[in-house]
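As structure tokens, the structure follows; a few thoughts come after it.
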Amino acid sequence: MKKVHIITFGCQMNEADSELISESFRGRGFEVTADLKDADAVVVNTCTVRQRAEDKAISQIGRLRKWKLERPERRVFIVGCAAEKLGSKKIKGQFPFVDEVVGAKSINSVDAAVERKYPVSGNRYPVTTNSLPVTGYRSPVTAFVTAMRGCSLKCSYCIVPSVRGPARYLPPEEILAEAAAKAAAGAREIILLGQTVNAYAYKTPEAALSFADLLKKTAAVPGVSRVRFMSPHPLYFDDGFFRAFREEPKIARYVHLPVQSGSDRILKAMRRGYTRAQYLEIVKKIRAAAPDAAVSTDFIVGYPGETEADFKESLSLVGESGVSFAYCFKYSQRTDDKGLAPELGEPEMEERLERLLAEVKKNSNDILNKRIGRIEEVLLETGEHGRTSANFVVRLERNTGLAAGSLIRAEITGTRKNTLRGKLIP
Ligand code: 5AD
Ligand code: SF4
């Protein structure tokens with residue numbers, strides 16, 4: 001049996017795309033291998049959100065030169081966001097051993113590229129529901145389901161709209177069928193994915209479906225105990241969402257809501273479309289709908305023009321919003337626009353990043369400590385650990401002996417690093 005090895009960089013959207021790509025190979029009788037040495041074909045699914053992500057993808061491709069030379073009949077597929085940005089000509093120019101390049105906008109053409117290199121005669125191997133990976137990216141009981149692709153916003157710093165194209169929404173039947181297939185294969189937690197997932201809206205002449213409707217319908221899929229979503233944008237919350245969030249307990253009490261900056265001046269320059277006060281208002285509404293909900297966020301430090309005063313507004317937003325966690329990034333220029341060149345040097349960028357990370361950590365510890373003494377519902381990912389609805393990892397004091405996917409109740413007894421400790425309540 002031929003084998004394919006898939007290397008994925010970047011976000012969950014890329015993880016979900018890699019899963020799709022693996023189906024294309026499995027339909028041709030391939031097996032997915034975790035070991036590059038065993039593989040006949042390799043796919044590198046690339047990211048370009050920051051320069052460093054692109055550099056990583058490029059150096060990974062470079063490392064495949066030797067692998068290909070060892071057995072020239074091996075095939076190299078470069079796909080995803082950096083492939084879209086750089087283009088086939090540039091990639092094949094620099095790495096002549098690459099066989100196929102497919103950019104993120106043409107993810108549906110990956111199958112045709114695989115077909116060019118491995119044509120199937122006659123019928124494809126049936127890819128049955130049971131052979132679909134339940135992903136395993138995060139846990140054996142968690143599955144990603146793409147609800148939308150691309151982004152129609154125009155944040156000044158972001159390359160995603162240009163490499164992934166404008167927002168397109170998948171038909172609800174497809175989304176729900178995938179959720180049902182994955183639940184039947186063992187998934188208990190579905191994560192609906194999209195660059196601005198809560199912009200989801202689907203209209204046909206007969207019916208209209210909102211993001212809130214999609215959440216509720218996904219929650220109703222047999223076998224599903226929890227529905228998460230990533231990532232929403234502050235601009236697209238509506239009353240329907242808050243109603244669904246309040247009323248449907250299967251919607252996870254957790255919202256990852258990227259803010260990027262706490263300064264109104266910088267938010268405006270970034271073209272985020274909201275102010276600090278408006279962001280805080282949404283966080284307040286999330287907590288009003290579900291008092292125990294956790295909110296996490298993303299920050300960019302060192303955006304062109306960010307003064308010390310602007311940066312301090314980001315620092316103070318951490319405590320004021322009460323975010324449980326934040327991914328913090330140094331600004332990376334993604335266009336040739338001279339007006340968007342970084343103004344801070346590397347040491348100053350690094351210094352701001354460190355200060356922000358320290359603030360986030362302090363805040364996270366406070367929030368974790370506040371959970372001590374509570375009784376939490378935990379979805380087990382192994383016999384020994386699981387996750388609360390608010391996305392906190394709980395390590396149990398003893399192996400429960402229960403299967404992954406079980407919903408248990410645990411008393412929170414302490415914290416350890418970024419996780420909670422808990423005791424099973426029989
Ligand atoms: N520089 C730094 N960080 C960026 N992000 C997106 N574009 C850039 C950039 N040019 C961050 C944002 C986003 C996350 C996925 O990556 O914080 O929310
Ligand atoms: Fe990277 Fe953005 Fe593409 Fe995800 S969508 S892989 S974060 S560039």
Side-chain angles (χ1 to χ4, degrees), residues 6-21 43-58 60 78-86 102-107 137 144 146 148-168 193-197 230-235 255-262 266-267 269-274 279 296-304 306 314 317 323 325-337 339-344 346 349-350 352-353 356-357 360:
I6 303 181
I7 302 168
T8 308
F9 293 101
C11 61
Q12 288 89 349
M13 244 83 62
N14 260 20
E15 293 288 338
D17 288 347
S18 286
E19 208 179 284
L20 250 166
I21 292 163
V43 179
V44 185
N45 193 0
T46 59
C47 172
T48 182
V49 69
R50 288 168 289 277
Q51 186 59 44
R52 239 164 75 104
E54 186 178 305
D55 295 346
K56 264 206 231 161
I58 296 292
Q60 175 60 64
I78 308 300
V79 307
C81 295
E84 183 72 48
K85 173 169 177 262
L86 299 168
V102 186
K105 276 184 197 156
S106 329
I107 178 80
Y137 166 74
F144 293 128
T146 301
M148 62 152 327
R149 294 182 176 283
C151 177
S152 293
L153 298 177
K154 293 191 165 48
C155 302
S156 60
Y157 53 84
C158 189
I159 197 169
V160 173
S162 92
V163 293
R164 283 200 170 248
R168 283 145 294 142
L193 294 181
Q195 215 71 52
T196 54
V197 71
M230 282 196 92
S231 291
H233 188 287
L235 279 181
V255 183
H256 180 70
L257 190 59
V259 65
Q260 315 301 2
S261 170
I266 298 298
L267 286 171
M270 288 177 164
R271 297 199 292 263
R272 290 292 288 172
Y274 55 84
Y279 179 87
S296 60
T297 198
D298 291 347
F299 282 105
I300 296 175
V301 302
Y303 184 81
E306 184 189 77
S314 289
L317 188 71
V323 287
F325 185 75
Y327 295 100
C328 306
F329 305 104
K330 291 183 271 190
Y331 171 69
S332 165
Q333 185 177 13
R334 304 314 289 128
T335 63
D336 330 325
D337 187 336
L340 287 176
E343 290 170 15
L344 290 185
E346 186 55 27
M349 285 264 193
E350 192 60 45
R352 283 192 189 170
L353 184 73
L356 187 56
L357 286 170
V360 167

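We count ligands from 1, going down the list as the structure has it; atoms in each ligand are counted the same way.
Under a 4.0 angstrom heavy-atom cut-off, Arg164 registers as being in contact with ligand 2. Every heavy atom of Val163 sits 4.0 Å or more from the atoms of ligand 2. Using a non-hydrogen distance threshold of 4.0 Å, Gln12 does not register as a contact of ligand 2. Using 4.0 Å as the threshold, Lys330 has a heavy atom nearer than that to some atom of ligand 1.
Nearest non-hydrogen protein atom to atom 6 (C) of ligand 1 is Val49 CG2, 3.5 Å. For atom 10 (N) of ligand 1, the nearest non-hydrogen atom of the protein is Ser332 O, 2.7 Å. When hydrogens are left out, the protein atom nearest atom 4 (Fe) of ligand 2 is Cys11 SG, 2.3 Å; that is the closest non-hydrogen contact. In this structure, the protein non-hydrogen atom closest to atom 2 (Fe) of ligand 2 is Val160 CG2, 3.1 Å.
Judged purely by atom type and a 3.5 angstrom limit, Tyr274 uses its side chain to pair as donor or acceptor with the backbone of Val259. Side-chain N or O atoms of Thr297 include none that pairs as donor or acceptor with a backbone N or O of Ala326 at under 3.5 Å. Side-chain atoms of Tyr279 come within 3.5 Å of backbone atoms of Leu257 as a donor-acceptor pair (strictly under, hydrogens ignored). Glu84 contributes a side-chain N or O that, together with a main-chain N or O of Lys105, makes up a donor-acceptor pair within less than 3.5 Å. Judged by distance alone, with hydrogens and angles left aside, the side-chain atoms of Asp298 form no donor-acceptor pair with the main-chain N or O of Gln260 at under 3.5 Å. Judged purely by atom type and a 3.5 angstrom limit, Thr196 has no side-chain atom pairing as donor or acceptor with the backbone of Pro232.
Near Cys47, the atoms of ligand 2 lying under 4.0 angstrom from a non-hydrogen atom of the residue are 1 (Fe), 6 (S), 7 (S), 8 (S). Heavy-atom proximity to Arg334, at under 4.0 Å, picks out these atoms of ligand 1: 10 (N). The Phe329 neighbourhood of ligand 1 comprises atoms 3 (N), 11 (C), 14 (C), 16 (O), 17 (O), with distances under 4.0 Å to a heavy atom of that residue. Close contacts between ligand 2 and Thr48 involve ligand atoms 1 (Fe), 8 (S) [criterion: under 4.0 Å to a heavy atom]. Atoms of ligand 2 lying under 4.0 Å from at least one heavy atom of Asn14, given by number and element, are 6 (S). When each atom of ligand 2 is checked for a heavy atom of Cys81 under 4.0 Å away, the hits are 3 (Fe), 5 (S), 6 (S), 8 (S).
Proximity of Arg149 to Asp17: side-chain heavy atoms (C-beta onward) are separated by under 4.5 Å at one or more points. Annotation: side chain of Met349 is in contact with side chain of Pro342 (closest heavy-atom distance under 4.5 Å).
No more than 12 heavy atoms of other residues, nucleotides or ligands sit less than 6.0 Å from atom CG of Asp336.
Phe329 carries Arg50 over the face of its six-membered ring, with the cationic atom under 6.0 Å from the centre and within 45° of the normal.
Contacts with ligand 2 closer than 4.0 Å are made by heavy atoms of both the backbone and the side chain of Val49. Heavy atoms of Gln260 found under 4.0 angstrom from ligand 1 belong exclusively to the side chain. The parts of Tyr157 lying near ligand 1 are both backbone and side chain, judged by heavy-atom distances below 4.0 Å.
Lys330 has a carboxylate O that lies under 4.0 Å from a charged side-chain N of Glu346, or vice versa, which qualifies the two as a salt bridge.
By heavy-atom distance, the residue among Val259, Asp298, Ile159 lying nearest atom 13 (C) of ligand 1 is Asp298. Comparing His256, Arg50, Gln195 against atom 16 (O) of ligand 1, the shortest heavy-atom distance belongs to Arg50.
Classified by interplanar angle (parallel below 30°, tilted 30° to 60°, perpendicular above 60°), the ring pair His256/Tyr327 is perpendicular.
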